[in-house]
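Labels below follow one simple rule: chain letters A, B, ... track the order of the sequence lines, proteins then strands, and each chain is numbered from 1.
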Number of protein chains: 2
Amino acid sequence: MSISKCEQCIVRQFSSLKALTKDELLRMANCKTSYTIKKGEPIFEEGEVTNGVYCIKEGVCKMTKLSANGKDQIVKLVKSGEMLGQRSMISEEPANLSAIALEDMEVCFVPKAEIMQFFNQNNQFSLNIMRTICGDLKEADDQMVSMAQKSVKERLAQTLIYLEDTFGNNEDGSLRIQLSREELAGIIGTATESCIRLLSDFNKSELIAISGKKIIIKNKKELRKLSE
Amino acid sequence: MSISKCEQCIVRQFSSLKALTKDELLRMANCKTSYTIKKGEPIFEEGEVTNGVYCIKEGVCKMTKLSANGKDQIVKLVKSGEMLGQRSMISEEPANLSAIALEDMEVCFVPKAEIMQFFNQNNQFSLNIMRTICGDLKEADDQMVSMAQKSVKERLAQTLIYLEDTFGNNEDGSLRIQLSREELAGIIGTATESCIRLLSDFNKSELIAISGKKIIIKNKKELRKLSE
DNA sequence: TTTAGAATATGATTTTTATCATACTTTAAA
DNA sequence: TTTAAAGTATGATAAAAATCATATTCTAAA
């Protein structure tokens, strides 16, 4: 069984890990554990003590939090090349959010001890991690303002644009990432029926086209206007 | 004119600065600038390049963001002993939020160059800053879920409890921090009239007592139940 | 293939929240 | 002190969104 090198890994290219030296990467390759996560399965769940970080080699997952009324709010989507669990690791707290696979995934787990060693000895690495978390904080603040001040329609338009810009399209032009209506509602923070209804409206006014689960953005300009 | 020492400062006791050595504190005392900010005035505003951090020696301020519809959303309240502007400093971006004094304040400005030096040479200091930002991120995520999933009534109850727990009471039992109805609405993310109306309801059902701007929490237990 | 269960869709209705209008009260400046 | 402006309060109404009810379509397991 060969241990795949971290050096060529997509996560290495796009995340804080790009600051690691060859030596550090080798150390990481030796202590990491690779997992395959099936669509719908959790990588970790809210309240769990993770004791390390996860590198996403392949696939997309949703970060959710169960609210008091029993609905899952999707706080964030995370795609390949990114890392999970840094916040809990640094805060030394259990996970605040669950990470659930939206498609089949390949992830690597790197134990906390290893990461913290890099963190303490490699200044650029720790600065990178901090920048990532700072970026997350800015996004979270912005999203909070959206939730508080925008209508459901505006948030749906915004989310559709975000999905296209972040995850791209299939050959037929439809959004590459396919969410159930319930999940889409979970991102924008509304009832599933309201989300479905608004999608129908967008469809009727030819902002989007719907065929089954597939959604095609037909008039991005207008949709962007709607989202403001 | 005497330069007040940072050593005894409240900010030093409660913030990341507690990790600084005596020598570092002395350096900071020599490069800091002290300001008095009057109630209602900004410490800095959204989009401004701050080039340093602010230590809050005295007073409370609101962190706001102007939304597309022209309303100010209050993202967070910050009180004496805390620091402002770390996120922008680390991200090397302009401020994402405005900081406006809710009461007369005393703050000190410490230039970025100085902070980054501590940051690079003092591991515990940088870890402390990171923990602070990680804490902010967790709070922001949680608040986002509240905004998305809770009713205005629940959010008002939650906010009143938060205000008492965080800022305490005056001798007469009223909330120490006094917000206008508009500001309170800006925290919970609703229209000012809706906020006023719900306060009236809470008053009628004897959860709180209102006299002018003063609010007294009379039935915290019930209020806490309402907030869930 | 049949078929049960889940997901999607849509109508009807209720609840929540925003908006507009207006009155009252407090505050601070002339 | 008076007075204008801002803040607070409340009613009436409209708009937005949730909920409940059903129907339809899709999907995967028997």
Side-chain angles (χ1 to χ4, degrees), chain A residues 38-40 67-73 102-104 146-160 174-175 178-205 208-216 226-227, chain B residues 38-40 62 67-74 102-104 146-160 174-175 178-205 208-216 226-227:
Chain A
K38 287 245 173 65
K39 179 176 174 171
S67 71
N69 62 36
K71 277 190 192 168
D72 265 322
Q73 176 69 29
L102 285 175
E103 36 189 51
D104 291 351
S146 279
M147 286 291 178
Q149 302 283 352
K150 286 187 176 174
S151 68
V152 173
K153 188 189 275 190
E154 290 169 327
R155 269 140 53 201
L156 175 58
Q158 186 182 36
T159 300
L160 291 173
S174 64
L175 298 180
Q178 274 188 22
L179 301 169
S180 69
R181 302 294 191 257
E182 193 179 1
E183 284 167 335
L184 197 49
I187 294 179
I188 67 185
T190 189
T192 307
E193 298 96 316
S194 301
C195 174
I196 290 173
R197 231 179 280 274
L198 283 171
L199 281 174
S200 288
D201 291 352
F202 284 3
N203 189 24
K204 270 166 204 155
S205 48
I208 63 173
I210 301 178
S211 75
K213 251 190 162 56
K214 285 184 185 295
I215 297 175
I216 299 178
L226 249 184
S227 74
Chain B
K38 288 244 173 67
K39 178 176 173 170
K62 56 179 176 182
S67 71
N69 62 34
K71 278 190 193 169
D72 265 323
Q73 175 69 29
I74 297 181
L102 286 174
E103 37 188 50
D104 291 351
S146 278
M147 285 293 179
Q149 302 284 353
K150 286 186 176 175
S151 68
V152 173
K153 188 190 273 191
E154 290 169 326
R155 268 139 55 201
L156 175 58
Q158 187 182 35
T159 300
L160 291 173
S174 64
L175 297 180
Q178 275 189 19
L179 302 168
S180 69
R181 302 294 191 258
E182 193 179 2
E183 284 167 334
L184 197 49
I187 295 179
I188 66 185
T190 189
T192 307
E193 298 96 317
S194 301
C195 174
I196 291 173
R197 231 178 280 275
L198 283 172
L199 281 174
S200 287
D201 291 351
F202 284 3
N203 189 23
K204 271 167 203 153
S205 48
I208 62 173
I210 301 177
S211 74
K213 250 190 164 56
K214 284 184 186 297
I215 297 175
I216 299 179
L226 249 183
S227 77

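The shortest distance between the side-chain N/O atoms of A/K204 and the OP1/OP2 oxygens of C/dA9 is not below 4.0 Å. Within the structure, a side-chain polar atom (N or O) of B/K71 is placed less than 4.0 Å from OP1 or OP2 of C/dT19.
Judged purely by atom type and a 3.5 angstrom limit, A/R155 uses its side chain to pair as donor or acceptor with the backbone of A/K150. No donor-acceptor pair closer than 3.5 Å links the side chain of A/S211 to the backbone N or O of A/K214.
In this structure, the side-chain hydrogen bond (donor to acceptor under 3.5 Å, both in side chains) partners of B/N69, at least two apart in sequence or on a different chain, are A/Q149, B/S67. The side-chain hydrogen bond (donor to acceptor under 3.5 Å, both in side chains) test applied to A/E193 returns no partner, not counting sequence neighbours. With sequence neighbours excluded, the residues satisfying salt bridge (charged side-chain N to carboxylate O under 4.0 Å, His left out) with B/E103 are B/R176.
Side-chain contact between A/E183 and A/L102 is present, with heavy atoms from C-beta onward closer than 4.5 Å. The closest side-chain heavy-atom distance from B/T190 to B/L198 is not below 4.5 Å.
Rounded to whole Å, atom P of D/dA6 lies 20 Å from atom CG of B/L179. Between the CG atom of A/L198 and the C1' atom of C/dA9 there is a distance of 13 Å, rounded to whole Å. In this structure, B/F202 places its CZ atom 14 Å from P of D/dA9, rounding to the nearest Å. D/dA6 atom C1' lies 10 Å from atom CD of B/E182, rounded to whole Å. Between the P atom of D/dA18 and the CG atom of A/L156 lies a distance of 12 Å, rounded to the nearest Å. Per the geometry, CG belonging to A/L199 stands 16 Å off P belonging to C/dA7, to the nearest Å. Separating the CD atom of B/Q178 from the P atom of C/dT27 is a distance of 10 Å, rounded to the nearest angstrom. As rounded to whole Å, 17 Å separates atom P of D/dA17 from atom CG of A/N69.
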Checklist line | Steps toward side-chain contact (heavy atoms from CB on, under 4.5 Å) verdict (B/F202, B/L160) | finding: CA-CA 11 Å; B/F202 284 3; B/L160 291 173; 3.9 Å; yes
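Heavy atoms only, all atoms of each residue included: A/L184 and A/I215 are closest at CD2-CD1, 4.4 Å. When all heavy atoms of A/Q73 and A/I187 are compared, the pair lying nearest together is NE2-O, 3.4 Å. Pairing each heavy atom of B/M147 with each of A/A148, the nearest pair is SD-CB, 3.7 Å. For the pair A/D104 and A/K39, the tightest heavy-atom approach, listed with the atom from each and the gap, is OD1-N, 2.9 Å.
Between its two ends, the helix from C/dT1-D/dA30 to C/dA30-D/dT1 turns its axis by 40°, counting five pairs per end and rounding to 10 degrees.
Heavy-atom distances under 4.0 Å link DNA chain D to A/T190, A/A191, A/E193, A/S194, A/R197 of residues 184-197 of chain A, given in residue order.
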Item checked: Contact state string [nucleotides 25-30 of chain D, B base, S sugar-phosphate only, - no protein heavy atom under 4.0 Å] -> ------
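For the pair B/I210 and A/K153, both in contact range of DNA chain D, the more 5′-proximal nearest nucleotide belongs to B/I210.
Contact annotation for A/K150: no contact, since no heavy-atom pair falls under 4.0 Å across all strands.
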